[in-house]
Protein chains: 2
Amino acid sequence: MTVLSLPPLDLDGGVGPHDDDSPLRSVSTAVAVLDCFAEEAELGATRVAARLGIAKSTACRMLAALATGGLLERTGSGRYRLGLRLFEYGQLAVDRLMLRDVALPAMGELRELLRETIQLGVVVGTDVLYVERTEAASMNVRFRSEHRRNPAHSSSTGRVLAAGDPALAAAILERGFVRYTPFTVVDPQRYRQILATTREQGYATSREEFEPGWSSVAAPITMMRGGRPHPVAALSVVAPTSRVLGPRKPAVVQGIRRAAARVSADLERARS
Amino acid sequence: MTVLSLPPLDLDGGVGPHDDDSPLRSVSTAVAVLDCFAEEAELGATRVAARLGIAKSTACRMLAALATGGLLERTGSGRYRLGLRLFEYGQLAVDRLMLRDVALPAMGELRELLRETIQLGVVVGTDVLYVERTEAASMNVRFRSEHRRNPAHSSSTGRVLAAGDPALAAAILERGFVRYTPFTVVDPQRYRQILATTREQGYATSREEFEPGWSSVAAPITMMRGGRPHPVAALSVVAPTSRVLGPRKPAVVQGIRRAAARVSADLERARS
DNA sequence: GCCGTCGTTCCGTAAACCGGAACGCGCTGT
DNA sequence: ACAGCGCGTTCCGGTTTACGGAACGACGGC
């Protein structure tokens with residue numbers, strides 16, 4: 001259920017000293033303190049100290065320092081939670097990809113065309129991170145918005161990106177497959193076949209492989225690199241299975257491929 | 001032009017030692033390093049060291065530690081930029097306000113009703129921070145998306161929030177007014193009058209007071225606290241002046257007031 | 001009203017960090 | 001092509017700084 005999962009995640013749990021290779025122990029533990037808040041919304045000094053195996057006083061000082069820096073905020077009862085300054089930094093990080101701004105108009109039009117939820121995803125490690133999401137108005141059922149990060153192997157976005165990036169595909173195969181639903185593809189051979197099909201067709205699907213009842217279709221956003229188009233992100237539409245993989249599938253596929261192609265062209269044009 | 005501005009912002013610029021009252025010097029400087037990236041997208045160790053008045057080696061270690069923590073990322077040329085992990089943390093921080101999820105459906109419907117850009121803003125210090133924004137499809141002119149944070153005094157969102165929060169109003173008056181356009185209200189007496197009118201009407205406007213050509217209308221999202229409704233956020237619609245303060249103004253006002261009232265009710269209902 | 005828990009503070013010790021200088025690399029301008 | 005410059009990185013010693021344990025004050029539950 002945790003959202004941040006991929007990187008080190010050195011929750012030794014025990015009392016053993018961190019075998020961190022990097023200097024700046026204080027900063028490393030400060031980051032570890034931040035990581036604690038990925039799983040729990042509100043934490044106090046005692047819980048943080050127990051979770052990281054550090055002294056309570058140390059945890060208290062860390063929390064206070066992060067709070068004066070704005071990365072954490074104090075809740076009424078003396079505990080702490082993630083601060084809104086992190087939101088600002090995060091928006092800056094995404095804005096500087098010079099991707100969201102270019103993709104937003106196409107995403108809005110695709111949303112109106114299909115009347116479904118549209119996502120803009122990039123790869124971080126072997127996960128897919130959705131940096132923007134726009135929803136059609138008045139949907140009876142809404143996609144669970146806490147899914148900001150998926151393993152790449154089970155998402156359509158991850159497949160279009162891996163199909164055009166052998167290094168990513170190798171990393172995904174290396175990391176292995178996790179079964180989330182009965183439909184999740186976990187056979188490496190079958191996965192390779194899916195990537196081949198994706199390369200042929202120019203789009204990818206995921207049929208209830210991550211969240212039961214929900215499927216998605218994705219198309220790659222590419223940039224020319226060394227004369228060849230290289231995928232840098234993907235647009236995807238996520239909805240109840242019957243609405244994207246049923247009779248509407250041709251329209252969905254055409255819509256998302258056109259939108260992704262348009263974003264790719266705009267991106268190329270923006271590289272002045 | 002800086003986005004993060006409100007808190008300490010101890011860019012002494014010079015070489016003077018930080019007169020930081022807080023312990024955990026390493027963590028404080030680490031946060032200061034992060035702050036450097038609020039103004040510039042890509043920085044190297046030398047620039048960071050010069051900006052903070054610290055040794056180059058120190059800056060290099062800070063950057064490396066923050067990068068291994070994922071808060072920064074390395075660019076090809078050895079420099080650094082804000083990392084996408086900050087985006088994840090920021091999304092978590094906002095999601096835990098238990099506000100965005102509740103507001104999203106109403107924002108989508110209001111967007112379709114008015115075919116304009118809808119914003120969800122909260123207060124941080126004496127600034128307004130927009131934690132969600134959704135745009136209508138195929139607009140000929142788009143609001144500049146880098147505005148994630150405004151001074152509260154010149155925005156309609158800040159006015160509806162200050163109108164219901166005397167402490168915030170006092171803080172805004174205390175901080176003083178900055179003139180951004182010829183229309184910016186900078187007279188404290190006039191500002192107090194605006195707040196009174198806002199209290200009467202239940203909505204606020206800003207006519208090109210921050211960005212020339214762009215105006216906005218806002219209505220408060222409230223939560224019952226101690227038997228009285230207390231504003232915790234605001235919905236606003238921002239568009240070229242003629243589209244929100246011209247003949248459409250009654251429709252815009254009615255739409256945003258209804259949407260904000262609905263979010264308030266949903267918020268109350270969600271507090272199980 | 002008592003006890004348990006939590007966040008905070010104080011203090012001595014020692015470990016960790018700062019700063020300066022040196023190294024290797026890529027780029028530029030001759 | 002070569003040399004000079006600027007950059008990021010590494011190494012090392014001195015000393016500042018943060019860690020850990022224990023004590024304190026406050027809040028809440030039983």
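Computation of the quantities below employed the complete heavy-atom set of this structure, encompassing side-chain atoms and omitting hydrogens, waters and symmetry-equivalent molecules. Residue numbers begin at 1 in each chain, while the letters A, B, ... track the order of the sequences.
Look at Tyr80(B) and you'll find a side-chain N or O under 4.0 angstrom from OP1 or OP2 of dT9(D). A close approach under 4.0 Å does not occur between any side-chain nitrogen or oxygen of Arg79(A) and OP1 or OP2 of dT5(C).
Toward the 5′ end of DNA chain C lies the nearest nucleotide of Ser77(A), the other residue of the pair Ala55(B) and Ser77(A) mapping further downstream. Ranked by how close their nearest DNA chain C nucleotide is to the 5' end, Thr46(A) and Met62(B) are led by Thr46(A).
Listed nucleotides dC19(D), dT10(D), dC17(C) differ in distance to Arg61(B); the shortest reach to its side chain belongs to dC17(C). Listed nucleotides: dG7(C), dT9(D), dC18(C). Nearest to the side chain of Thr58(B): dC18(C).
Rounding to whole angstrom units, CG of residue Leu52(B) and P of dC18(C) are separated by 12 Å. Between Leu24(A) atom CG and dC17(C) atom P the separation is 6 Å, expressed in whole Å. Atom CG in Leu63(B) sits roughly 8 Å away from atom P in dT9(D) (whole-Å rounding). Counting to the nearest Å, the P atom of dC11(C) and the NZ atom of Lys56(A) are 18 Å from each other. With rounding to whole Å, Leu43(A) atom CG is found 12 Å from dC6(C) atom P.
Taking 4.0 Å as the cut-off between side-chain N and carboxylate O, Arg149(B) and Glu88(A) count as a salt-bridged pair.
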